[in-house]
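I have placed the structure first, in the form of structure tokens, so that the comments after it can refer back to it.
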There are 2 protein chains.
Amino acid sequence: MRDPIDRILEPSSIAVVGASSDPSKRGYQAIETLQTGGYEGTIYPVNPSADEIRGLEVFASIADVPEPVDLALIVVPGPVVPSVLEDCGEIDVGGAVVIAVGFGETGKEGEALEEEIVSLAAENDVRLVGPNTSGLINVGDGANLVGADGVPEGDLGLLCQSGNLAIALFTEAAGREGVGFSHYVGVGNEADLQFDEYLPYFERTEDTDAVVCYVEGFSDGRSFLEQARETGTETPIVVCKSGRSDVGKRSASSHTGSLAGDAAVADAVFRQAGVVSVDRSDELLAAADALASQPPVDGENVAILADGGGHATLAADALAERGLSVPQLADETQRRLEGILPDAASVRNPVDVAGGTDDNPSVFADCALALFDDPNVDAVLLSGLFGGYGQRFTDDLEPIEQGAAKEIAEAAAATETPLVVQSAYESTDPETHTILREHDVPVYESLDISVACLDALSTYGTHLQVADEKSSFELDSASADSPDGARALEDCATDSTLSEYDAKALLEEYGAPVTPYALAETATDAERAAAEFDGPVAMKVVSPDIVHKTEADAVALDVADESVRSTHETLLENARAYDPDAAIDGVLVSPMRSDGVEVIVGATRDEQFGPVVMFGLGGVFVEVLEDVAFRAAPLTEHDARAMLDDIDAQDVLEGTRGDPPVDRDAIVDVLLSVSRLVADYPEIAEVDLNPVLAGDGGAEILDASIVLESSDGDADSDDGRQPQEPDAVPDGGVDE
Amino acid sequence: MRDPIDRILEPSSIAVVGASSDPSKRGYQAIETLQTGGYEGTIYPVNPSADEIRGLEVFASIADVPEPVDLALIVVPGPVVPSVLEDCGEIDVGGAVVIAVGFGETGKEGEALEEEIVSLAAENDVRLVGPNTSGLINVGDGANLVGADGVPEGDLGLLCQSGNLAIALFTEAAGREGVGFSHYVGVGNEADLQFDEYLPYFERTEDTDAVVCYVEGFSDGRSFLEQARETGTETPIVVCKSGRSDVGKRSASSHTGSLAGDAAVADAVFRQAGVVSVDRSDELLAAADALASQPPVDGENVAILADGGGHATLAADALAERGLSVPQLADETQRRLEGILPDAASVRNPVDVAGGTDDNPSVFADCALALFDDPNVDAVLLSGLFGGYGQRFTDDLEPIEQGAAKEIAEAAAATETPLVVQSAYESTDPETHTILREHDVPVYESLDISVACLDALSTYGTHLQVADEKSSFELDSASADSPDGARALEDCATDSTLSEYDAKALLEEYGAPVTPYALAETATDAERAAAEFDGPVAMKVVSPDIVHKTEADAVALDVADESVRSTHETLLENARAYDPDAAIDGVLVSPMRSDGVEVIVGATRDEQFGPVVMFGLGGVFVEVLEDVAFRAAPLTEHDARAMLDDIDAQDVLEGTRGDPPVDRDAIVDVLLSVSRLVADYPEIAEVDLNPVLAGDGGAEILDASIVLESSDGDADSDDGRQPQEPDAVPDGGVDE
């Protein structure tokens, strides 16, 4: 029995349900496209009122087809689809592509229809592609259910949530020698088959060397991360995810019915999963082709070989803009280059040949070979006019350039050095560039696109080096480390928010460092606790009914020993005045803390990717600058550590104004505790530890808020970007 | 008498000094290029040992040429150039292009040679282009001194500091219908003629509709700003300035001998001058062509018209990424679109025709016309597959598309609505796109490049709206507002740093609000001052010899009345212990201040652009995040106000955690005072007011440092990015 995805993407037989003898109809054109496109499998037209279409026998129902059907293309209107799926159950149908629109993307009625076809498909053992899709294509087999002409064949698999964007990519690829597609799948609304379910196929097929995804919103982003991490170690994956802006989100939602989610979260979890993410749609194809054709860049050090100072300078800037480095070359390399190039040349990185190639472009090869041998160099960017020397000077130089191109490409392959060529003459299509591309070397006119290719190769290569240290995204795995005695949330929670006391107790069970605290029911209890803590204390009323304690005047900071008793009374009075019906557990007493850097650790449930841990610096860094790092839980230690390097203001952790650096290990421990907690308890909607005070020898959680999913099962409407601010002032006892 | 720039850029006669009869030499090729390129002026080959070259009479020296020479192309080696310039003095030569390298870009010896040719050129009344240039071209006249073949003619003037980048731009333009150049000038080392001096020509010539500049470093950036602001109101200017990164800076310096300066400063002052600046070299030509062909965008509101949800969503994201808006359409527009499009379409912005154009692409025109009429819309982006309908569906649609293209382009022109078209079919070069381009509508394959065009048009249009409110960059103009009685800096300064007392006094004369202060020589003076200030005070030793007061333990904060006397003594003791030879003026006594937001106002002299004012928030915002705004002095009030909106953390000024918004007018006044001060005194190298405490009803400078140019005339090595930190702690009396 073949895997359904194999049957769908390599169908031996295709039924066209809604076949037509009218050449203007999709049901006719689909058959025509298959026949003229060289599809060699069997085609079964299905139509209750026709006998023959384009020379083929027509079946009244798919149920009448006498053999198993690998793939059904359903072109009938949406409301008719359910009955077709029922018919499918009569025979063995592997998968069905549902073209119709009017499902989940249109509102309640459409959603109901979508649910209906999903359950009918399951009952009848048919996997669904779409609905709301332009179809799918196996380019090599001619199994083209889309009708797009002239899709260039190549080694890219395309999963796409926009038919028109697929056409744009086909057209772009057609204009680029050596770039093309093995398959296209219009995933549509992902009603049944999701992005992730296609990935293992691309991993096992020889035809695909990289996967390109255009995504508006995942129906199950967590599964995508899990599978992408797995597939990506063999077959690199590039994603362009739209809906980054507010208007874009709205547009995505009306297009595929998907929730686009938060772009910062998506960027972070893609990186965590080793998925290369591009913001610009004009970099998507180039990045994918580079990943399919070049080895990954094992680092970020790029040597620039340019035939002019302008390109050398611009290339250095463009690399730096993307966080890639232009390292010094080894002494030996510099000596080699000095032996090759004229005095005016620069043999430092960037290398500027300064006219040294004008009468002999084979000098490019000599220089490139020196760079390939340099131990400081992870990749090479050749930038400027290579390929145009014949046009610029004399025709005699053309064969020399072509020889150099071959030599450079072969040496790059032999030394496994990733190489990208930028040339102003790309649009003139010289033979030199054809030779480079035949050797899998990308050539672009745009310097910035060329650098985007190197960036993609470096992102991917860097991920592969540490892939073992990153999260598997499997939520079950977290439980291994979970405390046995973690008290069940039901015991300590109201239906929406844990009291600060319960939240801190739960965090402690997960090994998180919490400032010492005592729940004082009476003023005497409070005095006893304060005496133990030795020094001024913070006091806060604990009540499941009072979330905004500051607003209720139910918080006092920096309370001296002698005032503890009266403060206890005042706080309780204030709380009762604020809400006479509030249940009050007592007053939480904690020692005041002041030394260290205020950081925030939080967690939310992203609507696409599930539990996500957040890290940032306190105060304006989060509230105004939104300078925060995200990772999907469960975190590995590597993930947690990387979060600290992710924020723009990371230098603050190194100590400013003479302060010592903070204890990064201690923050990492807090992040890991929170990660385990939210991985264990799907019912936790939000964790907000704000502030956590990180000093040079540890970290302490001063205030903690844990919010549960509301009882109807929905997460609250927070989009994960901004933690809800529990109180308007830092009520955890920071003395400022 | 013609303007020398006119003679250089529209030469009636050209002498080639170093002419050769060897076809492999530049001195031969230059003449060949002129003859075969259709140059109709007179050509004078100059060579002491030849009689005839390519049919032309040869002169032994340019001095022998019997008539005035508009332009001399000097192709002899650098060391011979001085004697040629002396010869030029014998007759009337307008300008000379010096191709040779080995001048300022190579070190001391080359710098001396460059100085020599500059003074010889002045003596002999010849303006110099270069040296270290590939030459210049008047494309229409065939006055091509470069030898580049097939430069496409068009309406862009190109000023370029890299010959190879010019070739790249020529080649890129050759691949784009309707894009080309009127002139190219390789400005080289700018030894004599600078970027700014070419601009007025481009303003007055009919042939040029936009100026494109590739700059590695300006020899006089201030003059460029002044002239660009002037020229730019008539003829838009686009700049790509490289050397943004550290490695790029180094590379630029070895290429053209220029100092690249600080990218953040350059970005800010370009915006101030109305110059459109692009970071990516692949956006330079597109932005310039858009500015040359489309009206400016008077705002930032763009309507998207897309034939698919994917492009609609991506376009919205790309516009948002660049700060452009996708506003709601007027109700009337939505109703009009509803009448045109099918139910599945989205008539909100982005407009998604959702198949409504598939069998009739003239529907695009109906939709576009509705958008052009919408008062909420400043510009329109048509995105998706327009121009490809004939290829996608049937040939019949091609003439319909072409008609729609004409209708859309004409309506855009009639309504003066800026329009850019993105089409996946751009590379297939359909007639529909030719029609659009013939109507000056840019068409690009890349969505991101299309959006870059709209961004350029919006930047330019927004500038034009407020151009009158921006700085003229003329330093003299500041003096009008200067205090008559400003005490001469000589009187109060040591040779490098003003004492805090003198700095504050000078600032006060310029109307800047300084926290009250008194210079107390004796402890009794200090007590008297403290009593007047009513409350705790800050005390700091004033000594021209002690810059780092905190290091010397010469600062005390929050001193209560009763401790003022003893603190006075202690501080003086500490200061004497720190530097027994220090001259001590006394102790500065000021009241403590604590309410408000800490901001920093500063000024530096940028090595390219002269006096530049800086604004940022205090502490980590400047030190860690480098979140600062720059503008060239003198500031207008508009400039100053815009600086407050420039910083990422601007929301802090609106008040965080319940604080009231700060008094923006008060900060603007401080900025304007500092601007006048540095515009008046070229000898001031650096002003650092850190902190300035801004509250809801005013602002006060708590600490001030003013540093003068060191006596050898060099500014200090600070690059203007990070103000020097005068002390490790905020010693101005912030109570924290």
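Every chain is numbered from 1, with letters handed out A, B, ... down the list of sequences.
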Is any side-chain heavy atom of [X] less than 4.5 Å from a side-chain heavy atom of [Y]?
X	Y	value
A:Pro152	A:Val179	no
A:Asp448	A:Glu321	no
B:Val351	B:Leu329	yes
A:Val326	A:Ile304	yes
B:Asp282	B:Ile449	yes
A:Thr133	A:Val187	no
B:Leu319	B:Ser325	no
A:Leu653	A:Leu617	yes

Taking every non-hydrogen pair under 4.5 Å, which of [options] racks up the most with chain B?
options	result
A:Gly308, A:Ala649, A:Gly175	A:Ala649
A:Thr394, A:Val652, A:Leu447	A:Val652
A:Glu426, A:Arg244, A:Gln161, A:Gln391	A:Arg244
A:Gly147, A:Ala148, A:Ala168, A:Ala354	A:Ala168
A:Gly388, A:Pro350, A:Ala320	A:Pro350
A:Gln29, A:Arg392, A:Arg348, A:Gln650	A:Arg348

Measure [X] against the heavy atoms of chain B and call it side chain, backbone, both or neither at under 4.5 Å.
X	value
A:Ala318	neither
A:Leu385	side chain
A:Asp307	both
A:Glu445	side chain
A:Glu283	side chain
A:Cys240	side chain
A:Ser427	side chain
A:Thr428	side chain

Enter the distance from B:His311:NE2 to A:Ser242:OG here, rounded to the nearest 0.5 Å.
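Rounded to the nearest 0.5 Å, the NE2-OG separation comes out at 11.0 Å.
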Counting only heavy atoms not in B:Arg322 (residues, nucleotides, ligands), do more than 12 fall under 6.0 Å from its CZ?
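Correct, the count exceeds 12.
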Compute whether any side-chain donor of one residue and acceptor of the other, for A:Glu105 and A:Asn189, lie under 3.5 angstrom apart.
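On atom types as modelled, these side chains qualify, holding a pair under 3.5 Å.
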Among [options], which residue has the highest count of heavy-atom pairs closer than 4.5 Å to chain A?
options	answer
B:Asp651, B:Leu169, B:Thr171	B:Thr171
B:Gly243, B:Gly310, B:Ala316, B:Gly102	B:Gly310
B:Ile167, B:Asp648, B:Asn349, B:Val101	B:Ile167

Contacting moiety of [X], where chain A heavy atoms sit under 4.5 Å:
X	answer
B:Phe621	side chain
B:Ser162	side chain
B:Tyr214	side chain
B:Glu216	side chain
B:Glu654	neither

Out of B:Ser450, B:Ser383, B:Ser446, which one pairs with B:Gln422 under the side-chain hydrogen bond (donor to acceptor under 3.5 Å, both in side chains) rule?
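Exactly one candidate clears the test, B:Ser383.
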Report the C-alpha distance between B:Thr357 and B:Phe386 in whole Å, list the side-chain angles of each, state the deciding distance to 0.1 Å, and finish with yes or no for side-chain contact (heavy atoms from CB on, under 4.5 Å).
CA-CA 9 Å; B:Thr357 49; B:Phe386 186 60; over 6 Å; no
